[in-house]
Each structure stands twice: as C-alpha cells, then as structure tokens.
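Below you'll find the structure, written out as structure tokens, and then a few comments.
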2 protein chains.
Amino acid sequence: MAYVEQMLDTLDGQQGLSDAGARSLGLKQSQNAKFQRFSQHSVIFYEGDRAERVFELDEGIVMLYKLLPDGRRQVVEVLNPGTIFGAAAGDSYDCSAETLTPARISTYDRREIDQSAPLQKHLTRCLISQMELMHDHAVLLGRKSAIERVATFLMRMVPDRSGEGCIGPAEAEPDTHEIVLTMTRQEIADYLGLTIETVSRVISELKRRGLIKVERQDRIHIARVCGICQLTGIH
Amino acid sequence: MAYVEQMLDTLDGQQGLSDAGARSLGLKQSQNAKFQRFSQHSVIFYEGDRAERVFELDEGIVMLYKLLPDGRRQVVEVLNPGTIFGAAAGDSYDCSAETLTPARISTYDRREIDQSAPLQKHLTRCLISQMELMHDHAVLLGRKSAIERVATFLMRMVPDRSGEGCIGPAEAEPDTHEIVLTMTRQEIADYLGLTIETVSRVISELKRRGLIKVERQDRIHIARVCGICQLTGIH
C-alpha cells in the first residue's frame, strides 16, 4: 500500500505524543493506533486501493482528489488537522489522498472503528463537519463565479472572519492578513473547478484592484480583508 | 418549525410500520421516534432553523439546498429512502430540506442520536455513503461539461448500470429504460450547476441524437442506455 512505502517514521501511538496528538480522541482509545510522518506530496492511498485503514490527520494538510479517465482532476476536500479520512462505504477508497505539507497521520484498523463507540462518535462528528464543508463547496462549484471562488478560497485562510456576525477587523488593527499557500496554482484550480489560467487571471485582477499583494509564489498579503470578503458572494 | 406546519400525519414510531419503516434501525431503537407524512414540495426545515431534530427518510425523495443572498440556489444533495439528514455540527441547519415527492420521514431528538451507539453507527454509515456521493458530485460540478452532467444525472436513475464492471444490458434485453423525473427543469439545473436554458438545450441535443425521447415533461425514455453512459465522462 502506498502509505507504507511513503512512511518515514512509525511509532507506537502511546509514545511521544505532542499536544495535538494527545487531543486526538482516537489515540487515547486505541492500543493499536500508530502514527506515521509523511513528507510533502506523499500519497497516503490511491482511489481504488483496498480500504482497510482509516486515518486521522494530526498535523499538516492533506488533499483528497478524484480523477476522470482522461486526466481531469477534481480536488474534493482539503483537510485540516483533526479530520478523520479514508472511511469507505465499500471495499475500496473512493478517492486518492496526498499530503500538501509534511504531515503526521494516525492510522486505525477499519474494524477497530466499527467496534469502538467513542471512535464512532468522533468519526460521526468529523463527518458532519466535513459534510457541511462539502455543501459549501458544492455552492462554490455550482453557483459561484471565478472571482467569487478565489475570494472564498482566500477567506477560508483568514481565521475568525467572514462568518456570520463578523463585524470586521478588531478596533485599531489593520484589516490585513498574511496567507501562506500550501497549494500550487494547479491544485487551487483543481479544487475550485477552474483552469490554472483563470486562477492566475483572477489573482492578477485582485492585485490590480489593490486588494492583495503576491509576495512570493506561496505568500499572499491581503491588503483589505473586508474587500476580499465582499467578493465571496455571501454579501 | 416548518415541519410541524407541514405535517400531515404523526404516529408513534412503534405502530403501523411498513416494511421500509421496520427496516429502519432508528425506529427499532427509539421509543420516541415519530414519523410524519409530508406532501410534495413541503419544507422540512430551512437553513438557519435551530437544529434540534435529525430526520430519516423512510419513503420518497428529499432535496437539500443552499441559497446565496442574491437568490442563486444550489441543490447540494438529492436523498433516497434510508438516508439520515439534518445532523448539524452547530446549533442550526446548514441547508434547507424540501420534499420532491410525497414522503414519510422519521424524526429523532438530536440528543437521542448522541446517546445511542446503534443510532450513531447507523448515522455514520449513512454519512460515509453521502460523503462519497458528494465527492462524485464535486467532480460533476467542478470538472464535467453540461452534456456530461445531464448524462450522469440520467444514469443515476438507471439501476445496476454505469457502475464498475457493468457489461451492458442483460442478454436479449433491449438497452432501454424509462425514467420518471421527480425534479423540475429548474431543480435539475440547480442540482447540476447549470442554467435552465442549458439543461433544456442538452435534453434537445440528446433527443436529436436519438438517445432519449421525452414522453411527458416528467418522463424520459432512454433509447440506448450505453449511449447515455458513454457521455458521462467516466469512459
């Protein structure tokens, strides 16, 4: 299996837990939980691999994607720490999983999840949150313009803003934010249902309007967070 | 709450179960499960309503949708019998739910689900299946052409075809299928991320190619199932 080949480090789950690891309900419940460290752009599993294991992302960012036979790709989820992934309805994974950054990932036997009520509960909570994100993403893919998609993507990386009841920047604070991108332009395009050319065009347009500065390929300075938020289509 | 106003019939869950109802794990586990009958196009809950209940669709079809403030709508899921819906991460529903056909729906108190391991397990299984459908739908919305979207939509209503290992129609059987649509052209457009004009144009194109006949607004005769399947983008 891909994740074994990519595995850089395996430790017993009871040892050497960071705070993030200790917060993971799974690790506390399971004698058999192992964690592995993956380097950036490691494949954890491929679509169609036998789904014998379920994973929990402890640290780092992971993307899930699906391919059409002619090579078109859709990134279906971008996962943050705390998310469980790889739970399959059938015998095989319905999508591929790849790290976008170095990552630490806990691994569970699939049957273990089936048999443990606390693990079930944890998984259910994760799935409900992921489902709500998928609903939002369906709105983005099905109904939003290119500029709205990119603005929504940028706002997801600004903590505590754009949600219901956001009243703008804290008093006397500048309305700016620094974003470190973990995705290439192609990955962003494949996540937002756009072409790479459209993503680049929209980023240039946002620069032209003075709303962002691109400081390096992977660093974006948002000069006016409210300005970007007003382009997300939710106002 | 909307579902109370729309309720046509409330019975104790232990009484008068049809086969479909008896199969529902929830009803067997819960003294408090109630079911209600809803007429077509009844709203079960609105986005933003307090999420105090969780629902299980026993009979009929339900759509979940989200609206943008300017009125753009995305149908995010179309649910078949057996699906649990309305499980929320926060205090309120993240989308609206409306019946597309007359429906029978069981209702659970949210806390009841939290406290019952068998209900949790049932909910988890449903969520995993729904998540896989959402992944497929993200591919449709993000990467498929209009004709591929409509062909994929039609193939979802042809049982036992288009899946992995499909070898075409049963021997000596005609490769045709009758579909009864439960969605209007506008609802289909809102589900597939298209305009109503594009849906109509694609249906005309499929007619012109001799692949379908539209017998009534809500009835489509597929003249060649393999022909439609080959347009779905999965070949």
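Naming: A, B, ... by sequence-line order, numbering from 1 per chain. Computed from heavy atoms alone, side chains included, the values below leave out hydrogens, waters and symmetry copies.
Using a 4.5 Å cut-off between heavy atoms, Leu123(B) contacts chain A through its side chain alone, with no backbone atom that close. Using a 4.5 Å cut-off between heavy atoms, Leu64(B) contacts chain A through its side chain alone, with no backbone atom that close.
Residue pairs meeting the side chain to side chain donor-acceptor pair (under 3.5 Å) criterion with at least one partner in residues 71-80 of chain B, sequence neighbours excluded, are His135(A)-Glu77(B), Glu148(A)-Arg72(B), Asp70(B)-Arg72(B), Arg73(B)-Asp190(B), Glu77(B)-Gln130(B). Sorted by first and then second residue, the side chain to side chain donor-acceptor pair (under 3.5 Å) pairs involving residues 226-235 of chain A (not counting sequence neighbours) form an empty list.
Note: Gly233(A) leads Ala117(A), Gly233(A), Ser129(A) in heavy-atom pairs under 4.5 Å with chain B. When each of Ile128(B), Asp136(B), Leu192(B) is checked for heavy-atom pairs under 4.5 Å with chain A, Ile128(B) comes out on top. Taking chain A as the reference chain and counting heavy-atom pairs below 4.5 Å, the highest number among Val76(B), Leu140(B), Asp114(B) is found for Val76(B).
Under a 3.5 Å cut-off, the side chain of Asp175(B) and the backbone N or O of Cys226(B) do form a donor-acceptor pair. No donor-acceptor distance shorter than 3.5 angstrom exists from the side chain of Asp94(B) to the backbone of Glu47(B), with no hydrogens or angles considered.
Contact annotation for residues 152-161 of chain A against chain B (heavy-atom separation below 4.5 Å): no residues qualify.
Considering only heavy atoms from C-beta on, Ile84(A) comes within 4.5 Å of His122(A) through its side chain.
Under the 6.0 Å cut-off for aromatic ring centres, Phe55(B) and Phe45(B) qualify, their centroids lying closer than that.
Using a 4.0 Å cut-off between a side-chain N of Lys or Arg and a carboxylate O of Asp or Glu, Arg201(B) and Glu197(B) do not qualify as a salt bridge.
With sequence neighbours excluded, the residues forming a side chain to side chain donor-acceptor pair (under 3.5 Å) with Thr124(A) are Gln120(B), Thr124(B), listed by chain and number.
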